[in-house]
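It should be emphasised that the depicted structure is a prediction, and the values quoted were computed from it without experimental measurement. Sequence lines set the chain letters: A, B, ... in the order given, protein chains first and strands last, and positions in each chain run from 1. Side chains included, hydrogens not; waters and symmetry mates left out as well; all remaining heavy atoms used.
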Amino acid sequence: MAGSGNAHMRAGADRVLSVHDLVVEFPVGRGQRVHAVSGLHLDLVRGETLGILGESGCGKSSAGRAVMQLPPPTSGSVVLEGTELTGSGGRALRRARARMQLIMQDPVSSLNPRRRVADLVAEGLDIRGEREDRRARVDAALRSVGLDPDTVRDRRPHELSGGQCQRVCIARALVLDPALLICDEPVSSLDVSVQAQILNLLEEAKERHGLSMVFVAHDVAVVKNVSDRVMVLYLGKTCEVLPSEGLHVRAAHPYTRLLLDSVPGQENGDAPGERAAELPSPVDPPSGCRFRTRCPWAQERCAREEPQLREVGPGHHVACHLVE
Amino acid sequence: MRRAARALGELAAVLFLVSLGVFLLVTAMPGDPAVMVLGEGHPPEAYDEVRSELGLDRPVFEQYLDWLASAVTGDLGTSLVPPQHEVAERLLLALPVSLQLAAMALVIALAVAIPLAMWSAHHEGGRIDRAVSAGTFGVLSVPPFLAGLLLIMVFAGGLGWFPRAEWARLGDGLAANLHHALLPALTIALMELAQFTRVLRNDLTVTLREDHILASRARGRSPVRVLVSDALRPSSFSLVTLLGLSVGRLIGSTVVVEYLFSLPGVGSLVVGAANQGDVPTVQGAVLAIAVFYVLANAAIDLSYRALDPRIRRSHV
Amino acid sequence: MSEPLLDVEDLRTTFHTPRGDVHAVDGVSLRLEAGRTLGVVGESGSGKSVLGRTVMGLVSSGPGVTVSGRVSLAGQDVHALAPAERRRLWGPRVAMVFQDPMTSLNPVKRVGRHIDEVLRLHLRLGRREARERTVGLLRQVGIPEPERRAGQYPHELSGGMRQRVVIAAALACGPDLLIADEPTTALDVTVQRQILDLVASLSRRSGMAVVLISHDLAAVGGRADRVAVMYGGRLVESAPTSRVFGAPRHPYTGALLASAPRLSAAPHSRLPTIEGRPPDPADPPPGCRFAPRCPRAEAVCRGGAPPLLDLAPVGGHPHEVACRLPLEAESTEVGHGR
Amino acid sequence: MSETLTDRRTATRRPDLVAWFSGTWLVVLAVLAAAAPLLPLPEHVDLTRSLTAPTLSGPDPASGHLLGTNAFGLDLFARALHGARSSLAIALAAVALGAVVGGALGILAGYLGRTVDTVVGVATNVLLAVPPLILLIALATVLEPNARNVTLALALLTVPTMVRLARANTMAFAQREFVLAARAMGASGWRVMTRELLPNVLLPVLSMAMVLISVLVVAEASLSFLGLGIQPPAPTWGNMIAEGEGRVLEEHPHVVLVPGVFLFLTVFSFNILGEKARKRWDTRSGAR
């Protein structure tokens with residue numbers, strides 16, 4: 001792709017989240033800007049999980065945080081359950097944030113080291129001034145993520161393992177009864193055996209609370225496992241949107257194919273590989289299709305013309321000139 | 001480039017505010033400078049005359065601008081206390097003494113601290129390391145005036161190796177000059193030496209734990225080579241930082257030690273003036289020291305670039 | 001069977017800490033023949049990195065550490081050598097690549113100097129000659145414009161390029177054995193593959209043996225001839241790669257394979273998990289370290305450390321397992337990969 | 001790996017004895033200093049009451065002057081304890097004041113950034129543009145040399161260090177994900193500063209305060225030594241040491257050594273405890 005367009009957006013009312021033309025840029029001095037996310041569209045139906053897949057620097061984390069308005073995007077619109085979030089400041093935004101919760105990559109760092117588990121889980125309630133049943137709600141949340149309230153309640157984060165810390169993070173998100181969970185690489189700092197526990201936990205939580213989820217990660221197999229739809233990003237642009245069912249067979253975009261071929265254990269000798277190893281600078285992204293500098297099939301047209309997302313199958317959209 | 005302009009602007013703002021603060025010292029003074037000049041029992045006409053001569057009858061800000069204008073051209077006014085010397089002249093006479101002492105102290109401190117820190121870091125946790133660390137802590141807890149008195153007691157009094165309180169200018173011969181300067185310089189150096197050793201040693205032990213040191217060792221380099229060529233340079237940032245921080249302490253120690261040894265430097269000048277309430281002299285000296293100090297720190301900030309290629313690129 | 005290049009016998013590395021002795025490596029034995037690749041797999045805290053460093057001799061007995069057992073590299077007992085002699089091995093005989101290419105290059109040294117120095121130290125090359133060899137090595141590890149790159153500082157290169165530099169420095173003196181400690185963990189997936197391909201092709205070309213340490217079974221799987229699985233400082237299973245993936249015998253290996261999400265599986269399928277948490281290295285459980293988390297464990301497993309026994313049919317490649325109640329030979333059909 | 005582990009071992013085992021000694025010395029000194037007016041000590045300040053006492057007598061418990069007397073026959077032990085009263089009180093009050101003001105400004109500057117940060121930054125730089133002792137001398141030239149003014153001047157000296165430390169820690173913690181998490185749950189800026197940042201910034205600030213106490217004890221003594229602090233005959237360690245300048249020192253070294261040892265042990269103890277505290281709690285030094 002790395003192209004633009006909104007052909008993959010769906011009609012219909014039951015949308016928890018819809019994001020239009022999201023742009024995130026950071027100044028890096030000398031008048032230059034990092035183009036972290038450039039014109040992203042996405043929508044999310046109730047109960048659905050959207051996986052956002054990409055490597056470091058593709059803008060997947062920036063996109064997740066811009067939806068949270070942390071910090072607000074450079075431009076674009078984010079509508080959560082019918083409420084426009086961009087531009088709404090201060091109190092209104094803080095209230096809306098309770099409906100969407102963020103789970104981050106490093107569970108140890110996302111917990112204030114000086115506070116106890118019970119207070120960490122109750123933090124959202126305290127902020128909202130919801131004092132009734134505080135203890136009972138905290139205990140229920142801890143139990144729902146598989147922690148025993150009596151043993152962990154008075155511990156501090158450094159006394160817990162990474163997996164347990166991530167459970168605490170999930171508990172404190174769930175206690176607010178959100179509609180949307182944004183998970184930013186929630187398992188990439190965990191060992192494989194712990195990773196499976198957390199993934200299962202997220203699935204259970206989603207079913208029990210009727211959550212919708214945006215799941216940002218770099219691991220194809222993990223994303224495929226938790227998602228209904230997968231969106232592949234490269235240098236801030238969308239390459240491909242497709243159902244996760246059969247993803248490894250149907251994926252059509254050269255970049256998605258490269259990702260699939262790079263999965264350990266999937267190496268296949270006759271894959272064309274890629275041209276140059278270097279990731280272009282997000283300060284000065286390539287013209288046309290942003291992936292063209294690494295694409296083995298790139299043509300002259302790819303430099304000139306930016307590909308648009310086109311439907312190539314049911315619910316399957318690709319932004320590439322070469323895919324039929 | 002924009003960063004450099006910004007830093008320069010901030011430097012100017014700081015110097016401006018410092019000069020304003022230094023000037024305002026007069027207004028904070030409890031007594032009346034005119035009375036001080038005249039002494040008790042002066043005729044009233046003379047009082048008004050002195051006041052207008054000193055510019056005290058004009059608005060404060062105007063006085064400040066005047067003062068700043070003359071200060072920039074090198075005129076720092078005259079001392080309030082007889083004999084009413086030009087402040088700038090006295091400063092110029094005193095400056096070489098202080099600079100020599102501070103420079104000698106710095107050289108001594110670095111010459112001892114760098115090898116000592118490397119030796120100590122190399123034997124981290126060992127007997128040598130513990131002895132060095134205990135020694136530096138001990139030395140750090142002896143303020144320079146106390147250290148100076150003890151050194152005088154032993155080397156000037158008991159052993160009689162050094163003069164106790166005289167100064168020989170360079171004109172009197174290099175040997176005499178060094179003979180007189182060594183004991184005070186050593187006094188000043190002690191605390192810097194201990195501080196340098198401690199910080200550099202801690203920094204080296206951290207650097208020595210980094211992956212690239214392990215990688216270098218894994219390529220078969222000897223521990224001493226690793227210490228000198230792989231660890232010392234990354235650690236030298238903190239040494240430079242430390243130099244910046246030590247300049248302030250160094251100036252303080254020099255003041256105290258000059259006073260203690262009765263050496264004709266800026267320190268003796270400023271302490272004497274402070275004790276007599278001679279505000280113009282204190283003002284002039286403080287302004288000069290502050291300008292020197294700010295510029296020294298700016299120079300140190302600049303030297304980071306030369307040392308760390310990562311900063312070098314991001315700054316330009 | 002030929003004389004092995006690397007022969008490790010009952011290696012133990014113990015750190016003495018205020019909390020008590022930590023048995024980071026607790027009785028590991030393994031062999032590696034010249035030109036072969038051994039994968040060492042384990043989760044964090046399994047002792048795999050300490051094993052690599054102890055084999056290399058970077059961790060050796062001293063204040064706070066005790067190393068016992070024997071590491072024999074091309075016939076020389078690494079831990080019996082004087083420090084200066086051991087250093088002479090590092091570079092020409094054995095070299096190491098570390099996990100994080102951001103920190104394993106000295107930030108204030110130019111890229112070329114990292115390689116230059118090794119050449120001049122071990123091969124006693126002149127300045128000019130070393131410089132030429134450096135450029136050649138950089139080209140060999142796939143760095144474009146090697147002349148220009150050699151003059152740059154590490155922070156001017158991407159992570160993947162930096163790891164290539166680290167590899168070039170490791171290969172400079174043509175070692176017989178390369179120990180790569182999580183060489184791709186800090187890198188992106190697509191770059192990860194390039195680096196692993198590079199190590200494999202270099203190994204093939206120069207007949208260099210490789211110990212590939214990783215937390216990711218699948219990453220090691222495609223590159224290693226044999227895989228050794230570590231848990232709690234011990235080897236629990238060691239077998240030809242296809243056997244480890246196709247018919248793991250240790251319950252831990254089986255569970256580890258099963259808990260990784262598979263590309264071919266349907267979305268939202270629940271993953272089998274390993275309950276509990278890894279053992280505390282300062283206070284490990286008695287007997288089999290995995291017993292507290294093992295669904296098959298019985299009283300006998302908590303009795304004493306299970307020995308590492310060869311369960312392979314006569315004549316086959318050894319398939320060693322440290323388990324009193326191993327999985328059936330063909331019980332789980334786990335496809336290679338995910 | 002091996003190095004870290006060994007270091008942790010030696011670091012926790014070794015200095016405990018020294019630390020215990022330091023703590024004991026400070027507690028004993030503080031108790032004696034607090035109780036000094038109540039203790040049956042010989043005269044320490046009033047020259048008219050020491051006319052009959054021996055002058056410059058050496059330490060001799062039998063004479064009733066435990067550590068000897070000075071040139072006016074005033075008892076050195078009593079003077080040292082009364083000196084400790086003013087030294088400790090001034091240093092503690094100044095550090096407390098500096099920590100509160102500097103800490104608050106540092107958190108505000110670090111979290112709010114922009115204008116607040118610039119203003120606080122320039123103010124800090126102005127204070128730092130004059131070397132500490134020179135700043136003290138300048139203030140001493142124009143201020144009445146009493147305990148209150150000395151305390152205020154010393155507090156001013158600690159503010160820039162505290163601001164920088166608090167600001168650096170605030171900025172480091174503000175980047176940590178738990179602050180982002182709190183904001184994601186709708187926490188206001190005030191809540192983030194007081195509930196998330198303050199508890200984390202407090203420990204490094206407190207440990208820095210420990211280190212600064214020793215610096216201030218030395219600064220106060222230096223000022224007194226230069227004749228610019230509290231004036232004799234009211235005792236401070238600095239002006240007591242100043243009494244030993246010149247020939248007195250060689251003939252009667254105890255005049256210098258008695259206050260010198262008090263000063264040394266106190267500064268040493270604060271240094272040891274401060275360093276211990278800093279090692280444990282400080283994540284990021286405030287140095288530039």
(request) Measure the OG-CG distance between C:S264 and A:L247 for me, rounded to the nearest 0.5 Å. (result) 12.0 Å

(request) Give, for atom CD of C:E43 and atom CG of A:L190, the distance between the pair rounded to the nearest 0.5 Å. (result) 10.5 Å

(request) With a 4.5 Å cut-off on heavy-atom pairs, point out which of A:V226, A:V249, A:L259 contacts chain C the most. (result) A:V226

(message) Please check if the number of heavy atoms outside C:R293 that lie under 6.0 Å from its CZ is greater than 12.
(response) yes

(message) Please classify the contact of C:P272 with chain A as side chain, backbone, both or neither, using a heavy-atom distance under 4.5 Å.
(response) backbone

(request) Measure across A:E55 and C:D188 and return the closest heavy-atom pair with its distance rounded to 0.1 Å. (result) OE2-CB, 3.0 Å

(request) Report the residues that fulfil side chain to side chain donor-acceptor pair (under 3.5 Å) with C:S238, sequence neighbours left out, ordered by chain and then residue number. (result) C:R226

(message) Using the side chain to side chain donor-acceptor pair (under 3.5 Å) criterion, which residues pair with A:E159? Sequence neighbours excluded.
(response) none

(message) To the nearest 0.5 Å, what is the distance between NE2 on C:H268 and CG on A:N200?
(response) 12.5 Å

(request) Mind checking the CG-OG1 spacing from A:L260 to C:T190? Nearest 0.5 Å is all I need. (result) 12.0 Å

(message) Is A:E204 close to chain C through its backbone or its side chain, or both, or neither, when contacts mean heavy atoms under 4.5 Å?
(response) both

(message) So, taking the atom named CG in C:L271 and the one named CD1 in A:I198, what distance separates them when rounded to the nearest 0.5 Å?
(response) 12.0 Å

(request) May I ask you to test the A:Q195-C:S259 pair for a side-chain heavy-atom distance under 4.5 Å? (result) no

(request) Tell me, for A:V192 versus chain C, whether the close heavy atoms (under 4.5 Å) come from the side chain, the backbone, both or neither. (result) both

(request) Under 4.5 Å, heavy atom to heavy atom: which of residues 206-215 of chain A reach chain C? Give them by number, or say none. (result) A:K206, A:E207

(message) My understanding is that only residues two or more places apart in sequence, or in another chain, count here; which of them pass side chain to side chain donor-acceptor pair (under 3.5 Å) with A:E245?
(response) none

(message) Between A:G246, A:S244, A:S161, who has the most heavy-atom pairs with chain C when the cutoff is under 4.5 Å?
(response) A:S161

(message) Within this structure, what is the NZ-OG distance for the pair A:K224 and C:S269, rounded to the nearest 0.5 Å?
(response) 8.0 Å

(message) How close do C:P261 and A:V222 get, counting heavy atoms only, and between which atoms?
(response) CG-CG2, 3.7 Å

(request) Please look at A:S227 and chain C and tell me whether the side chain, the backbone, both or neither of the residue comes under 4.5 angstrom of a heavy atom of that chain. (result) backbone

